[in-house]
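Every chain is numbered from 1 and lettered A, B, ... according to where its sequence line falls, protein lines coming before strand lines.
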2 protein chains.
Amino acid sequence: MTNSTEHPAPHNHSLCINTALTLAAQLCIERGVQLTAIRQQVLELIWADHHAVKAYDLLERIKPLQSSAKPATIYRALDFLREQGFIHRVESLNAFVGCTDLRSIHEQLLLICKQCENVEERHADSVMQALRQEFALAGFTAHHQAIEIHGICATCTQSNNTPPLN
Amino acid sequence: MTNSTEHPAPHNHSLCINTALTLAAQLCIERGVQLTAIRQQVLELIWADHHAVKAYDLLERIKPLQSSAKPATIYRALDFLREQGFIHRVESLNAFVGCTDLRSIHEQLLLICKQCENVEERHADSVMQALRQEFALAGFTAHHQAIEIHGICATCTQSNNTPPLN
DNA sequence: GTATGGTTCGTTACAATATAACATCTCAAT
DNA sequence: ATTGAGATGTTATATTGTAACGAACCATAC
């Protein structure tokens, strides 16, 4: 089922989510780690759309499936999924979003729309290149980056400028 | 009193902090807003060093001065100082750091050292330029950015490679 | 088989971070 | 004196995240 009621960039989201879940399962086998039921369910819930999801929302949503779920249940699954690179934490929202490029471990930036709440992951090589130069200038050794941009996405901008016909 | 026991880039920190506080006071007058005792004290506590400071640590530190201080006291002061551009929130640490460029409202990136915990604000024009190009490509209108890089700063790298003489 | 050990999960309790809501105070302008 | 805006006091609570410990599971070695 696609997200037909949402207006962000239309795409076949059931394909999108299935691709992600299938690849994640493959990678777990390759890496010899366990994609347990809980972990898979959390990953599916995060992939339900392209929004960032909060841990306690995940907890509410998973309870019908795992009635014993507690905060630790969720945070453990999130830790696992992050270690495997399947999801990103959105620091400025205290929330989590599915990673759209599971194979290559790129640094990414996140474009977060205030209006539709979609999060778009971009690799932005020129930005990353400029960042590396800046690190060199500063003598800084980078280990981890969080680059989060809040604003209005292309789709919302368009629909804001195109009022409904009726 | 300078921070002689810390090893990050030596500078005259009492000058550094006084400059910041004086300028903040000036700007408040120019803008017709009140730098009240609480707000000034919080700003001073944040400027005590170049580390990011957590709200509840500020609360503990301000209690000797403002015995009635409660969480809301701190968060209100932090809100004010952020609105005025005197401090930044470090999203990935849930903490706050003094802004080192009060006059010009640049977007900045933060280099956060895991070892000495210093936070260096940099303007990195080439990075910001590359970001603007990326936004244009994506059709994204940016309102606010959080660019936070965790790693090891130049000073720590040096001192790590230069073991003590004795 | 059963011991051993690593991983995952259940469970309880709590720590840490942040906000809501409403009362009170202050002080300048009227 | 009165009023109104901004700042603070105060209580309560919401939200986010961890610690700690035991039980269950399961593969491997003895």
- Taking atom C1' of D/dA19 as reference, at what distance in whole Å does atom CD1 of A/Ile74 sit? 18 Å
- In terms of side-chain heavy atoms of B/Lys54, which of C/dT17, C/dA18, D/dT10 is nearest? C/dT17
- Message: Measuring to OP1 and OP2 of D/dG9, would you say a side-chain N or O of B/Lys70 lies under 4.0 angstrom away?
- Response: no
- Query: Think B/Tyr75 has a side-chain N or O under 4.0 angstrom from the OP1 or OP2 of C/dT19?
  - Reply: no
- Item | Nucleotide nearest A/Ala72 when distance is taken to its side chain, options D/dA19, C/dG10, D/dG9 | D/dA19
- Query: Over how many whole Å does the gap from B/Arg82 atom CZ to C/dT19 atom C1' extend?
  - Reply: 13 Å
- Query: Given B/Ile87, which of B/Leu43, B/Val97, B/Val42 fulfils the side-chain contact (heavy atoms from CB on, under 4.5 Å) condition?
  - Reply: B/Leu43
- Atom CG of B/Leu58 and atom P of C/dA18: how far apart are they, to the nearest Å? 11 Å
- Query: Are B/Leu109 and A/Gln145 close enough that some pair of their side-chain heavy atoms sits under 4.5 Å apart?
  - Reply: no
- Query: Can you tell which of C/dG10, D/dT16, D/dG17 lies closest to the side chain of A/Ser68?
  - Reply: C/dG10
- Message: Would you say B/Gln34 places a side-chain N or O within less than 4.0 Å of OP1 or OP2 belonging to D/dA7?
- Response: yes
- Message: Judged by each residue's nearest nucleotide on DNA chain C, which is more toward the 5′ side, B/Asp57 or A/Val33?
- Response: A/Val33
- If you measure from the Lys or Arg side-chain nitrogens to the Asp or Glu carboxylate oxygens, is any gap between A/Glu83 and A/Arg39 under 4.0 Å? no
- Item | Sugar-phosphate, base or nothing in reach of B/Ala69, heavy atoms under 4.0 Å | nothing
- Message: In this structure, how many angstroms lie between the P atom of D/dG6 and the CG atom of B/Asp79, rounded?
- Response: 15 Å
- Query: What is the distance, rounded to the nearest whole Å, between atom NZ of B/Lys63 and atom P of D/dT10?
  - Reply: 12 Å
- For A/Arg76, answer base if it contacts any base atom (sugar-phosphate contacts may also be present), sugar-phosphate if it contacts only those atoms, and nothing otherwise; contact means non-hydrogen atoms under 4.0 Å. base
- Nearest-Å distance for atom pair CD/P, residues B/Gln40 and D/dA7: 15 Å
- Query: So does A/Thr36 get a side-chain nitrogen or oxygen closer than 4.0 Å to the phosphate oxygens (OP1/OP2) of C/dT8?
  - Reply: no
- Query: Pick from A/Gln108, A/Arg122, A/His123: which one makes a side-chain hydrogen bond (donor to acceptor under 3.5 Å, both in side chains) with A/Asp101?
  - Reply: A/His123
- Query: Between A/Arg89 and D/dG17, does any side-chain N or O lie under 4.0 Å from OP1 or OP2?
  - Reply: yes
- Task: Send over the distance from B/Arg31 CZ to D/dG6 P, rounded to a whole Å.
- Result: 17 Å
- Phosphate contact (D/dT16 OP1 or OP2) by A/Tyr56 side-chain N/O below 4.0 Å: no
- Item | Check: A/Arg82 main-chain N/O paired with A/Arg89 side-chain donor or acceptor under 3.5 Å | no
- Given atom CG of A/Leu78 and atom P of C/dT8, what is their separation to the nearest angstrom? 15 Å
